[in-house]
Trainee: 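Can you read through this structure? Questions will come right after.
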Protein chains: 2
Amino acid sequence: MNNKEKLRKAGLRPTKQRMIIADILLDGINRHFTAENLQNEINSSGNSMSIATIYNCLKKFRNCGLIKQVESSKDTAIFDTNINQHHHFLDEETGELIDIENDEVNLRKLPKIPQGYLNNGVEVLIKIKKQI
Amino acid sequence: MNNKEKLRKAGLRPTKQRMIIADILLDGINRHFTAENLQNEINSSGNSMSIATIYNCLKKFRNCGLIKQVESSKDTAIFDTNINQHHHFLDEETGELIDIENDEVNLRKLPKIPQGYLNNGVEVLIKIKKQI
DNA sequence: AAGTAGTTTAGAACGATTTTAAAGTAAATA
DNA sequence: TATTTACTTTAAAATCGTTCTAAACTACTT
Ligand SMILES: [Mn+2]
Ligand SMILES: [Mn+2]
Ligand SMILES: [Zn+2]
Ligand SMILES: [Zn+2]
């Protein structure tokens with residue numbers, strides 16, 4: 001499926017700007033990035049785009065499930081092109097995130113989901129620090 | 001150990017402002033809160049404090065290990081008085097966090113820590129959503 | 001008591017993100 | 001195809017959480 005079809009299937013009009021972003025993000029390579037990182041990639045590809053449009057698109061893409069947003073205590077939002085359920089190593093010093101594929105983690109015991117709620121995904125974060 | 005001793009032990013001068021915050025946060029009750037939540041509690045207790053001081057104190061308390069900061073994709077920092085290693089349920093709709101004690105989770109399999117790094121803590125996040 | 005280093009504060013500044021509102025474009029309709 | 005409609009993009013302004021500044025204040029040391 002090409003990017004135009006992916007956007008249509010997600011219910012998004014394939015505008016010029018969304019296609020530029022899809023060409024960068026939906027190339028099958030997993031990456032973690034900020035809005036500013038993406039703007040730099042857009043510029044490097046010979047295009048340009050308003051930062052408002054970049055935020056608009058990221059929100060739409062995320063709400064459609066084309067990308068994810070990472071849980072992070074940094075003050076800049078971090079997005080993730082790996083939309084499979086997976087986990088992360090986090091170097092808190094640098095903010096670097098490394099993917100852990102889902103089958104590399106196995107839970108022996110999980111707590112009972114609170115009354116009235118459904119399990120909507122488990123994420124494991126392994127904080128790491130550089131050896132001294 | 002009283003709060004003045006706790007602050008001294010953490011290497012912090014027990015100022016009037018830090019004691020007010022310690023009296024609220026270090027009462028043994030686990031809670032998740034924002035800087036604004038804390039300011040409201042300070043006001044409710046008949047005191048008042050500059051928001052700059054609240055941020056200063058939260059940063060000091062966190063860096064001394066008296067409180068933790070939660071990994072969250074919300075744009076407001078969330079702090080946690082539960083400083084034990086533990087896990088969370090997260091209702092992404094509302095942002096509500098519920099503690100999961102460490103012994104309620106058991107990992108059968110963990111990935112190899114990347115070369116040159118040390119494991120610095122494992123956090124499990126279970127996203128939940130209201131049943132319809 | 002005097003000196004010093006650390007702390008608090010109001011207000012300014014900052015940086016990330018969102019809003020505004022006008023112009024532009026994609027899709028639907030005629 | 002031409003027209004209409006709803007959606008999208010944009011620059012600029014606004015917003016919001018947080019940090020910085022610099023002057024006044026306070027805790028601790030000598
Ligand atoms: Mn965050
Ligand atoms: Mn912010
Ligand atoms: Zn990832
Ligand atoms: Zn907690």
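Each chain gets a letter, A, B and so on, in the order the sequences are listed, and its residues count up from 1. Below, each value reflects all heavy atoms present in this structure, side chains not excepted, and no hydrogens, waters or symmetry copies.
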Trainee: Given axes from five pairs at either end, by how many degrees does the helix from dA1(C)-dT30(D) to dA30(C)-dT1(D) bend, rounded to 10°?
Mentor: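 About 30°, once rounded to a multiple of 10°.
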Trainee: Please round to the nearest 0.5 Å and tell me the distance separating atom CD of Gln39(A) and atom CD1 of Ile51(A).
Mentor: 4.0 Å
Trainee: Rounded off to whole Å, could you give me the CG-to-P distance for the Asp75(B) and dG15(C) pair?
Mentor: 17 Å
Trainee: Answer yes or no: is there a donor N or O on one side and an acceptor on the other, between the side chain of Glu101(A) and the main chain of His86(A), under 3.5 Å?
Mentor: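 Such a contact is absent between Glu101(A) side chain and His86(A) backbone.
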Trainee: I want to check one thing: is the phosphate of dT18(C), taken as OP1 and OP2, less than 4.0 Å away from some side-chain N or O of Lys59(A)?
Mentor: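 Yes.
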Trainee: Measure the distance from CG on Leu7(A) to P on dA26(C) and round it to the nearest whole Å.
Mentor: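 After rounding, the gap between these two atoms is 13 Å.
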Trainee: Rounded to whole angstroms, how far apart are NZ on Lys74(A) and P on dT19(D)?
Mentor: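 Lys74(A) atom NZ is separated from dT19(D) atom P by 13 Å.
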Trainee: Work out which heavy atom in Leu66(B) is nearest to a heavy atom in Ala10(B); give both atom names and the distance.
Mentor: CD1-CB, 4.1 Å
Trainee: Looking at every heavy atom in both Cys57(A) and Arg18(A), which two are closest together, and how far apart are they?
Mentor: SG-CG, 3.7 Å
Trainee: Are Asp99(A) and His32(A) close enough that a side-chain donor and a side-chain acceptor fall under 3.5 Å?
Mentor: yes
Trainee: Check the distance between dT25(C)'s P and Lys4(A)'s NZ and give it to me in whole angstrom.
Mentor: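 Going from Lys4(A) (NZ) to dT25(C) (P), I get 15 Å.
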Trainee: So, taking the atom named CD in Glu123(B) and the one named CG in Asn102(B), what distance separates them when rounded to the nearest 0.5 Å?
Mentor: 10.5 Å
Trainee: Measure CG/Leu58(B) against P/dT7(C) and give the value in whole Å, please.
Mentor: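 So the CG-P distance, Leu58(B) to dT7(C), works out to 15 Å.
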Trainee: What's the verdict on side chain to side chain contact (heavy atoms under 4.5 Å, CB included) for Leu58(B) and Arg62(B), showing C-alpha distance, side-chain angles and the deciding distance?
Mentor: CA-CA 6 Å; Leu58(B) 287 174; Arg62(B) 184 196 58 197; over 6 Å; no
Trainee: Output the distance between atom CG (Leu25(B)) and atom CD1 (Ile42(B)), rounded to the nearest 0.5 Å.
Mentor: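 The CD1 atom of Ile42(B) is 8.0 Å from CG of Leu25(B), to the nearest 0.5 Å.
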Trainee: Provide, to the nearest angstrom, the distance between the CD atom belonging to Gln69(A) and the C1' atom belonging to dA16(C).
Mentor: 12 Å
Trainee: Where do Ile24(A) and Arg31(A) come nearest, in terms of heavy atoms and distance?
Mentor: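 For Ile24(A) and Arg31(A), the tightest heavy-atom pair comes out as O-NH2, 2.9 Å.
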Trainee: Measure from CG on Leu38(A) to C1' on dT17(C) and round the result to the nearest Å.
Mentor: 15 Å
Trainee: Where along nucleotides 3-13 of chain D does protein come under 4.0 Å, by heavy atom, of base (B) or sugar-phosphate alone (S), with - for untouched nucleotides?
Mentor: ---BBSBBB--
Trainee: In whole angstrom, give the distance that lies between atom OH of Tyr55(B) and atom P of dC16(D).
Mentor: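 Spelled out: OH on Tyr55(B) to P on dC16(D) is 13 Å.
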